[in-house]
**Student:** 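Here you go, one structure.
What you are looking at is a predicted structure, and each value in this text was computed from that prediction instead of being measured.
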Amino acid sequence: MPGEPALTAEQLALIYRHARQEFPRECCGFVLGHGPSAEIVACENQQDRYHAVDPEAYPRTSANAYMFGAKDVLRLDRSLGSDRPATIVYHSHPRVGAYFSAEDARAALASSWPVDYLVVDCRDPDQGIGEAKLFRREGEAFVEIERFAGAEI
């Protein structure tokens, strides 16, 4: 329904715990479906594996980038034609804030998935989660559509 948050407090807590667990690496995952019954799918960030094999082609590490594995991409892609499609792709930004970076925009435009994007500000452990912001594509830009308070996780 319009006006309702995109994620429940419980769903957001799962994402925040995933970000904390992966810190100082970026976490990544996606949300299947809408509302309280939506499923949070925590994925393994494959960025370091790609970087190790070809650092020239993949200069970033998991400290400042994320990449889904093939099985996760397949699951997300297949969900889009189902009655429970992916609605949100999420990842964390360790120590740098919840903003949609130029690299985030490039990757989102390349994938062309019809989803929103959640970015989590994962700070040092004694500082918790700063906040999270949800972004939606409008043309070639991504605009903030919702903001979530942080937590001491």
Side-chain angles (χ1 to χ4, degrees), residues 1-52 58-73 75-77 79-80 84-111 113-138 141-153:
M1 290 180 83
E4 289 187 12
L7 297 164
T8 66
E10 294 80 15
Q11 292 162 336
L12 199 58
L14 288 171
I15 293 170
Y16 284 179
R17 281 195 292 276
H18 185 205
R20 174 57 57 218
Q21 180 182 35
E22 294 299 316
F23 185 85
R25 299 167 17 110
E26 288 192 8
C27 77
C28 59
F30 53 92
V31 179
L32 292 175
H34 299 276
S37 65
E39 177 186 358
I40 306 301
V41 180
C43 301
E44 183 181 346
N45 185 346
Q46 300 293 315
Q47 187 69 32
D48 287 337
R49 289 188 174 119
Y50 283 83
H51 176 76
Y58 300 94
R60 297 172 134 217
T61 68
S62 64
N64 58 8
Y66 73 95
M67 183 176 291
F68 289 122
K71 287 181 182 179
D72 293 323
V73 169
R75 182 173 181 191
L76 191 154
D77 280 338
S79 80
L80 296 174
R84 193 172 170 156
T87 54
I88 297 172
V89 167
Y90 73 84
H91 73 283
S92 60
H93 279 180
R95 299 185 177 117
V96 296
Y99 68 97
F100 208 70
S101 70
E103 180 63 20
D104 293 337
R106 185 201 61 73
L109 290 169
S111 75
W113 290 324
V115 299
D116 292 333
Y117 290 86
L118 182 75
V119 183
V120 177
D121 173 18
C122 191
R123 300 175 179 178
D124 285 318
D126 62 335
Q127 297 174 330
I129 302 293
E131 65 181 344
K133 295 179 184 177
L134 189 64
F135 297 88
R136 180 168 290 157
R137 182 177 178 177
E138 288 187 7
F142 290 84
V143 297
E144 181 183 327
I145 59 168
E146 194 168 354
R147 186 177 292 206
F148 301 91
E152 293 184 20
I153 292 180

**Student:** How close do Val120 and Ala19 get, heavy atom to heavy atom, and via which atoms?
**Tutor:** CG1-CB, 4.1 Å
**Student:** Heavy atoms, side chains only, cut-off 4.5 Å: are Tyr99 and Val119 in contact?
**Tutor:** no
**Student:** Search all heavy atoms of Pro24 against all heavy atoms of Arg95 and return the closest pair with its distance.
**Tutor:** CB-NH1, 4.0 Å
**Student:** Please examine the side chains of Phe23 and Pro125, heavy atoms only from C-beta on, and report whether any two atoms are closer than 4.5 Å.
**Tutor:** yes
**Student:** A side-chain contact here means heavy atoms from C-beta on lying under 4.5 Å apart; do Ile88 and Val115 qualify?
**Tutor:** no
**Student:** Any chance you could measure Ser92, atom OG, to Arg25, atom CZ, to the nearest 0.5 Å?
**Tutor:** 9.5 Å
**Student:** Once you round to the nearest 0.5 Å, how far does CD of Glu152 lie from CD of Gln127?
**Tutor:** 11.0 Å
**Student:** Tell me the closest heavy-atom pair linking Pro114 and Leu80, and the distance in Å.
**Tutor:** CD-CD1, 3.9 Å
**Student:** Closest heavy-atom contact between Arg123 and Arg20?
**Tutor:** O-NH2, 2.9 Å
**Student:** Hey, can you tell me if Phe68 and Phe30 have their rings parallel, tilted or perpendicular (30° and 60° cut-offs)?
**Tutor:** perpendicular
**Student:** Measuring only between side-chain heavy atoms, which start at C-beta, is His91 closer than 4.5 Å to Asn45?
**Tutor:** no
**Student:** Answer whether the closest heavy-atom distance between the side chains of Ile145 and Val143 falls below 4.5 Å.
**Tutor:** yes
**Student:** Taking the six-membered ring for Trp and the single ring otherwise, decide whether the centroids of Tyr50 and Tyr58 are under 6.0 Å apart.
**Tutor:** yes
**Student:** Taking Gln11 for the side chain and Ala38 for the main chain, is one N or O donor matched with an acceptor at less than 3.5 Å?
**Tutor:** yes
**Student:** Using the rule side chain to side chain contact (heavy atoms under 4.5 Å, CB included), only one of Tyr16, Tyr66, Tyr90 pairs with Cys27; which is it?
**Tutor:** Tyr90
**Student:** If every non-hydrogen atom of Glu26 is compared with every non-hydrogen atom of Pro94, which pair is closest and at what distance?
**Tutor:** CG-CD, 3.5 Å
**Student:** Atom CG in Asp77, atom OG in Ser111: separation rounded to 0.5 Å?
**Tutor:** 8.5 Å
**Student:** Using a 3.5 Å distance criterion without hydrogens, assess whether the side chain of Ser79 forms a donor-acceptor pair with backbone atoms of Ala86.
**Tutor:** yes
**Student:** In the structure I gave you, are the side-chain heavy atoms of Leu109 and Phe142 within less than 4.5 Å of one another anywhere?
**Tutor:** yes
**Student:** Side chains of Tyr117 and Asp104: does their closest heavy-atom pair fall under 4.5 Å?
**Tutor:** no
**Student:** Ser62 and Gln47: which non-hydrogen atoms are nearest, and at how many Å?
**Tutor:** N-CG, 3.9 Å
**Student:** Quick one: OG1 on Thr8 to CD1 on Ile40, what's the gap to the nearest 0.5 Å?
**Tutor:** 7.0 Å
**Student:** Looking at SG of Cys28 and CE of Met67, how far apart are the two atoms once the value is rounded to the nearest 0.5 Å?
**Tutor:** 10.0 Å
**Student:** What do the steps show when you test Leu76 against Val89 for side chain to side chain contact (heavy atoms under 4.5 Å, CB included), and what is the final call?
**Tutor:** CA-CA 9 Å; Leu76 191 154; Val89 167; 3.8 Å; yes
**Student:** About how many Å separate CD1 of Ile129 and CZ of Arg17, when rounded to the nearest 0.5 Å?
**Tutor:** 11.0 Å
**Student:** Would you call the rings of Phe100 and Phe135 parallel, tilted or perpendicular, taking 30° and 60° as the class edges?
**Tutor:** tilted
**Student:** Does Arg49 come within less than 4.0 Å of Glu44, counting only side-chain N to carboxylate O?
**Tutor:** yes
**Student:** Between Glu146 (side chain) and Ala6 (backbone), is there a donor-acceptor pair under 3.5 Å?
**Tutor:** yes
**Student:** So, the side chain of Thr87 versus the backbone of Gly33: is there a donor-acceptor pair under 3.5 Å, distance only?
**Tutor:** yes
**Student:** If we ignore hydrogens and angles and just use 3.5 Å, is the side chain of Asp116 paired with the main-chain N or O of Leu134 as donor and acceptor?
**Tutor:** no
**Student:** Leu7 versus Leu118: any side-chain heavy-atom pair under 4.5 Å?
**Tutor:** yes
